[in-house]
Structures are given as C-alpha cells and as structure tokens.
Amino acid sequence: MRMDLHVHSTASDGVWSPTEVVRKAHANGVEVMALTDHDTVAGLAEARKEAERLGMRFIDGVELSVSWGNRTIHVVSLGPKKFEPYRELSESLSRQRDQRARTIAAKFDAMGIYNTYEQALALAGNKLNLSRRHFALALLERGTVGSEDEAFEKYLKDDGPAYVKTEWMTLPEAMRFIRDTEGVAVMAHPGRYSFPAPLTTIDLLEEFKALGGDAIEVTTGSHFEAENERYTRVALNMGFLASTGSDYHGFKPGRPEPGMQEPLPDYLPTVLDLLKDR
Ligand code: AMP
Ligand code: MN
Ligand code: MN
Ligand code: MN
C-alpha cells in the first residue's frame, strides 16, 4: 500500500495548496496520506475534505520545530486529537518567525543582498509562517544562488552567515506537547541531522525513545538511499515503528513527488499500527 506521511503545503513552506498536494498524492496512487506542515494545523481541514472526496485515508499531522544539541530538529505529531494547543503554538511562533525573518534580512542587507524580507514574504503562501525556505526561494528567484541547497549551504544553514538562532521547543517540551494532544511522535528524517561533536543522531534517538518516541522516518525524500538502509536497521535495533514520507515541498530536482519516496521494507512494523482509530 502506497503511503506518504510527510507532505507540505502553502500552510507552511510548500508550494501547493492543501487541495493540490492531496490531488498529487492521489494521482500517484497514495492510499494513506498525512499533511505535516511546520508548526501549524492551518491546512488540515482543507486537505481532509479533498482526501475524503477522493476516497483516500487522511491523517492529521504537524511537523514541530525543536531545538536539540544546538541545532534545529523536526518531530512529527501524527493523528493528534486536540488541536487548540497547536493553534496557540502557531500564533506565538508566527510572531517569532516574523521577527527572525527581519533579522535574517538585516544580515543579507549587510552582505549587500537587499529586500529579501519583502521578497520572502511575497513568496509565502501563509504570511504567518515565514520560513528560511522562503528566503532560499527568494535568492533562487533573483539568481543569487543556483539552487535551494546552495542557498542553505552558503547562507541559511544552522550557523551559516544568514542564520539567526531560534529557540524552538525543547525535546521534552515537544514530547509532552504531543502526548497532551494525543498525537503519535515520529522523528523526522533522522539521516539529515548533524550535531557538534560528541553528540550524534543516536544520542538524539535514545533521548527521543526515553521520552516516549514512537517511530522514526525510515524512508524519506530527505534521505539518501544509504540512509534509508541505515535507519531500517536503527528502527529494528532500537524498537521504533517505521514511518515514511516524501517531505514534498514542491518540485525539486532529485526529490520525490508525493508518495514516490522509496517504500518501507514490508517486514518493518509501521506507525499505522498506532493510528487505527484516526
Ligand atoms: P525554518 O523552519 O524556517 O527554520 O526552515 C526550515 C526549512 O528549510 C525546512 O523545513 C526545509 O524545508 C528547509 N531546509 C532546511 N535545511 C535545508 C537544507 N540544508 N537544504 C535545503 N532546504 C533546507
Ligand atoms: Mn520545510
Ligand atoms: Mn523537516
Ligand atoms: Mn518536512
């Protein structure tokens, strides 16, 4: 069964509306989909409506921004039953994101790259959820960089010249938040993190497990193939259920369209085991 439990829309830093991403997933044969915009539930009602119209199973999701090991990591909450706490969170983060965006733009100004705040804002579908990705798209649009990845590599990555440190939730706070809202906790794209020595992703996963983490993304559009294999073994060894998602944000060379990430090996127990009533 084809599933995609990690997709973005214009409610955060994706290019397509919730309706449009659901249609894309459906066209690719996806039978179970979760929309997982960053720190917001704003797109869920629209996506669910379209998924139900198309006869697809839909699971609510949110990708929470978390600070750990002096880096930003992402934890996905799948199938929460309470939504008000997410609305309150987005409201406070939207102010924080706007402030951060202005500070990022000031750093670009100092490098002689002007008006990036205005351009990033114009590119954002949800002006209340401004992302570093909107700055990457702005730099790409004006030709300062040749790709999104280059924008992050050169400027926007954690500790890069245009990076502004953000205090997101801590991991214990995020896990309590997910538990209180009755969500299932999934570590997003574990292969993508790198921490200052001596911290490793395994340390992160051990703490996540100890705090009640349920699953990790094993195959994702944000992993290279070798990482999919590595995290298959990690899920088995550490006793995590497996999740999978394209992490689709819009067309990006070399990245999968909705539902087209590598499928999970069929012997791995999946996070759907915990989502039967959702
Ligand atoms: P923010 O939540 O504003 O910190 O923005 C983070 C977003 O930027 C992520 O959700 C990705 O969509 C994108 N992103 C982060 N790091 C990279 C990277 N190294 N290359 C490309 N995109 C990235
Ligand atoms: Mn993103
Ligand atoms: Mn992510
Ligand atoms: Mn994502």
Side-chain angles (χ1 to χ4, degrees), residues 4-16 21 34-40 43 61-68 70-78 89-90 93-105 107 116-117 120-121 123-140 145-169 174 185-195 201 204 216-217 220-224 227 243-256 258 261:
D4 191 338
L5 303 179
H6 190 146
V7 181
H8 294 272
S9 76
T10 45
S12 66
D13 56 353
V15 166
W16 300 97
V21 282
L35 185 70
T36 56
D37 278 305
H38 299 285
D39 305 308
T40 183
V62 179
E63 183 174 19
L64 291 172
S65 306
V66 175
S67 295
W68 191 89
N70 213 25
R71 293 282 182 276
T72 304
I73 63 152
H74 289 158
V75 179
V76 171
S77 171
L78 288 180
L89 177 74
S90 321
L93 286 182
S94 75
R95 280 188 294 272
Q96 196 176 322
R97 282 179 173 279
D98 192 73
Q99 270 311 316
R100 179 184 63 156
R102 291 168 194 271
T103 314
I104 290 174
K107 292 199 164 197
T116 53
Y117 173 80
L121 195 63
L123 287 166
N126 180 354
K127 316 284 181 209
L128 299 176
N129 203 345
L130 261 182
S131 158
R132 275 185 283 171
R133 183 163 187 272
H134 297 118
F135 281 88
L137 294 175
L139 297 187
L140 186 59
V145 295
S147 71
E148 272 174 60
D149 285 346
E150 190 188 337
F152 278 90
E153 242 350 275
K154 262 189 156 147
Y155 302 106
L156 291 160
K157 67 178 180 190
D158 282 21
D159 297 333
Y163 177 63
V164 176
K165 192 165 163 69
T166 311
E167 294 300 336
W168 306 110
M169 277 190 268
V186 183
M187 183 59 66
H189 41 64
R192 228 187 56 197
Y193 305 130
S194 82
F195 302 104
T201 301
L204 168 65
I216 63 173
E217 289 181 351
T220 138
S222 288
H223 277 175
F224 298 109
E227 293 166 339
S243 189
T244 181
S246 60
D247 206 0
Y248 180 75
H249 285 74
F251 173 76
K252 189 174 167 189
R255 291 297 190 95
Q261 77 284 3

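Small disclaimer: the values here were computed from a predicted structure and weren't measured. Numbering of ligands and ligand atoms starts at 1, following listing order.
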* Asked: Which atom, among the N/O/S set of E63, is closest to the Mn ion (ligand 3)?
  -> OE2
* Can you tell me the N, O or S atom of H74 that's nearest the Mn ion (ligand 3)? -> ND1
N, O or S from [X] under 2.8 Å to the Mn ion (ligand 3):
| X | result |
| --- | --- |
| D247 | no |
| H189 | yes |
| H6 | no |

Atoms of ligand 1, numbered as shown, that sit under 4.0 Å from any heavy atom of [X]:
| X | result |
| --- | --- |
| D149 | 20 (N), 21 (C) |
| H74 | 10 (O) |
| H249 | 12 (O) |

* To do: Check whether any N, O or S atom of H8, backbone or side chain, sits closer than 2.8 Å to the Mn ion (ligand 2).
  => no
* Look at D13 and state whether any of its N, O or S atoms is less than 2.8 Å from the Mn ion (ligand 2). => yes
* Tell me which one of R100, H38, E150 gets a heavy atom nearest to atom 1 (P) of ligand 1. => R100
[X] side, atom [atom1]; [Y] side, atom [atom2] - distance, nearest 0.5 Å:
| X | Y | atom1 | atom2 | answer |
| --- | --- | --- | --- | --- |
| Y155 | F135 | OH | CZ | 13.5 Å |
| R71 | S194 | CZ | OG | 6.0 Å |
| T40 | N126 | OG1 | CG | 6.0 Å |
| H6 | H74 | NE2 | NE2 | 8.0 Å |

For [atom], what's the nearest protein heavy-atom neighbour? Residue, atom name and distance, please.
| atom | result |
| --- | --- |
| atom 4 (O) of ligand 1 | R132 NE, 2.8 Å |
| atom 7 (C) of ligand 1 | D13 OD2, 3.7 Å |
| atom 5 (O) of ligand 1 | S131 OG, 3.3 Å |
| atom 2 (O) of ligand 1 | R97 NH2, 3.2 Å |
| atom 18 (C) of ligand 1 | F152 CG, 3.4 Å |

* Would you say the side chain of D149 lies within less than 4.5 Å of the side chain of K252, judging by non-hydrogen atoms? -> yes
* Walk me through it: do N129 and S12 pass the test side-chain hydrogen bond (donor to acceptor under 3.5 Å, both in side chains)? => CA-CA 6 Å; N129 203 345; S12 66; 4.9 Å; no
* Any chance CH2 of W16 has more than 12 other-residue heavy atoms, nucleotides or ligands included, within less than 6.0 Å? -> no
* Asked: Quick one: does E148 get within less than 4.0 Å of ligand 1, heavy atoms only?
  -> no
* Does E63 have a non-hydrogen atom less than 4.0 Å from ligand 1? -> no
* Do NZ/NE/NH1/NH2 and the carboxylate oxygens of D247 and R255 come within less than 4.0 Å? -> no
* Salt-bridge test for K127 and D98: reply yes if a basic N is under 4.0 Å from a carboxylate O, no otherwise. => no
* Asked: Which heavy atom of D158 sits nearest a heavy atom of T72, and at what distance?
  -> OD2-N, 2.9 Å
* To do: I would like to know whether L130 and Y117 meet side-chain contact (heavy atoms from CB on, under 4.5 Å); could you show each step before the answer?
  => CA-CA 10 Å; L130 261 182; Y117 173 80; 3.9 Å; yes
